[in-house]
Amino acid sequence: MKRLALILAVLFVPWLLAGEASAQQWVASWTGSVHGPYPVGNPTAQPELKYAFPSADAGARNQTFRLIVRPDVWGPQTRIRLSNVFGTKPVTFNDAFVGLQESGAAIMKGTNQPVLFGGQKSVTVQPGQSAVSDAVALPFVQTPPSPLLRGRKLAVSFHVMGESGPMTWHAKALQTSYVSPPGSGPKGQEEGESAFPFSTTSWYFLDEVDMNVPKKAEVIVAFGDSITDGTASTINGDDRWPDVLSRRLHAAYGDDFVIVNEGIGGNQVVGPAEYTPAKPMAGGPSAVSRLDRDIASLPGVSAVIWLEGINDFGADATAEAVMEGYTKGVGYLRQKMPGVRIYVATLTTALNSAIATHGRAEVDAKRKKLNEFFRTSKLFDGVIDFDAATLDPATGEVKAEFQPNSSTGGPGDKLHPNRAGYAAMGNTIDLPMITGHQK
């Protein structure tokens, strides 16, 4: 009997282990929607970068980036996507590493792991293209991951060989990252911070980090403009409304749901009509033109929360044009991603904003008309009422306590909620509605 048990163990344990491995899947765990080229965009609290990047046309020059990102979930393997979507010449990346951030540009000793692309240490990405790395084992991530990793940040380092030319980037990171001096060569393997004297509050080239996690995990994409991107929330505080939602979901459901942020400061639903490296605008390409790259291409997506339109109205688009954009976008996603759940969030007020284009009464009238469309249309799987969570009915403005700017100080602009406002928004979302789970 003992011998029979041993034979059965030899036969079936590999099968069980294979079954366990097959129960894993890749999901997007962090994203930063790309636009550009640098410096076209809306960064917040950006340091002077003339010493890091003396010429925007030359871009990065034989130097290393150490970008700090916060994965929403951790897995024993990761992979990254590097983008040259808005570049004008091929960019060669090498000396790529991923490691657990200690603090600043320093990496926890022993965690920095090399990243390969097709088994090679370098990859050349053509203009308009992106490249996904091979899987990278993270020996510091257990299965299941330690709760102590929750909220910890990943340092993604890579070297640009030669000159990159115009750089694809995400302007409003609200997260400090680091850059080595031009001409300093590959520094990604270094665990210390001395090679990275320059800081930036933007991300460059990197637009996705995936993790290999249990099969049941579902990705929810927060999609929109600066109010999703987090304008006026705290630098390095991770208190945008998607961050608040993330913490609530993890508290309620563990790692069953993953939140990634695809907001761009200044973004519009339908404008601009044309967006190219030669003809960019600060708000990035229109939402309807980036659905493939920023939603459909991501692994594991089950739901989208879309909040956008106030910038269209600031640029004098009609309510009907924005409604048509939503209708087109939702229809495309449902055709491209059968079964995806799409939720819409009502637009928050910008009445009397210091941003004159947005603070006009006619903009507010269009906003109310769009919100009524959201509330009554059968287009969406549900409606999240951010307007009700942030509006002062007595003034028609954002509630007074939500106005002072949490990023850079000051009274705020009456358009972007602060940390308290984003908390109110994140906390008003009905978790059973967006997950389909009762808790």
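We're numbering straight along the sequence, starting at 1. Side chains included, hydrogens not; waters and symmetry mates left out as well; all remaining heavy atoms used.
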Take atom [atom1] of [X] as the centre, draw a 6.0 Å sphere, and report whether it contains more than 12 heavy atoms from other residues, nucleotides or ligands.
X	atom1	answer
E320	CD	yes
E102	CD	yes
R81	CZ	yes

Determine whether a donor-acceptor pair (N or O, by modelled atom type, separation under 3.5 Å) exists between the side chain of [X] and the backbone of [Y].
X	Y	result
R419	D239	no
N267	P285	yes
H416	G230	no
S164	A60	yes
T327	M323	yes
E48	K50	yes
Q403	V398	yes
S29	P71	no
E262	S33	yes
T428	A424	no

Parallel, tilted or perpendicular: ring planes of [X] versus [Y], cut at 30 and 60 degrees:
X	Y	result
W203	H170	tilted
Y204	F65	tilted
Y326	W306	tilted

Any chance you could measure [X], atom [atom1], to [Y], atom [atom2], to the nearest 0.5 Å?
X	Y	atom1	atom2	answer
I305	I384	CD1	CD1	4.0 Å
I235	T408	CD1	OG1	8.0 Å
I220	I434	CD1	CD1	4.0 Å

Would you call [X] and [Y] a salt bridge, taking side-chain N to carboxylate O under 4.0 Å as the test?
X	Y	result
R247	D243	no
R334	D381	yes
K187	D95	no
R360	D316	yes

With distance as the sole criterion, is a donor-acceptor pair present between the side chains of [X] and [Y] under 3.5 Å?
X	Y	answer
N352	E397	yes
D72	H250	yes
R79	S133	no

Subject >> T346: which of N371, D385, T390 passes side-chain hydrogen bond (donor to acceptor under 3.5 Å, both in side chains) >> reply: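 That would be D385; it is the only one of N371, D385, T390 passing the side-chain hydrogen bond (donor to acceptor under 3.5 Å, both in side chains) with T346.
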
Subject >> salt bridge (Lys or Arg N to Asp or Glu O under 4.0 Å) partners of D238, counting only residues at least two apart >> reply: R70, K153, R240

**OP:** Could you tell me whether Y275 and F86 have their ring centroids closer than 6.0 angstrom?
**Re:** yes

Original post:
Do the ring centers of Y343 and F380 come within less than 6.0 Å of each other?
Top reply: no

Original post:
With V98, which of V136, V209, I107, T111 fulfils side-chain contact (heavy atoms from CB on, under 4.5 Å)?
Top reply: V136

Do [X] and [Y] have side-chain heavy atoms sitting under 4.5 Å apart?
X	Y	result
F205	W169	no
V270	D312	yes
L347	F386	no
T348	F402	no
V304	M337	no

**OP:** May I have all residue pairs that pass salt bridge (Lys or Arg N to Asp or Glu O under 4.0 Å) and include part of residues 263-284, sequence neighbours excluded?
**Re:**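 Residue pairs passing salt bridge (Lys or Arg N to Asp or Glu O under 4.0 Å), neighbours aside: E274-K279.
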
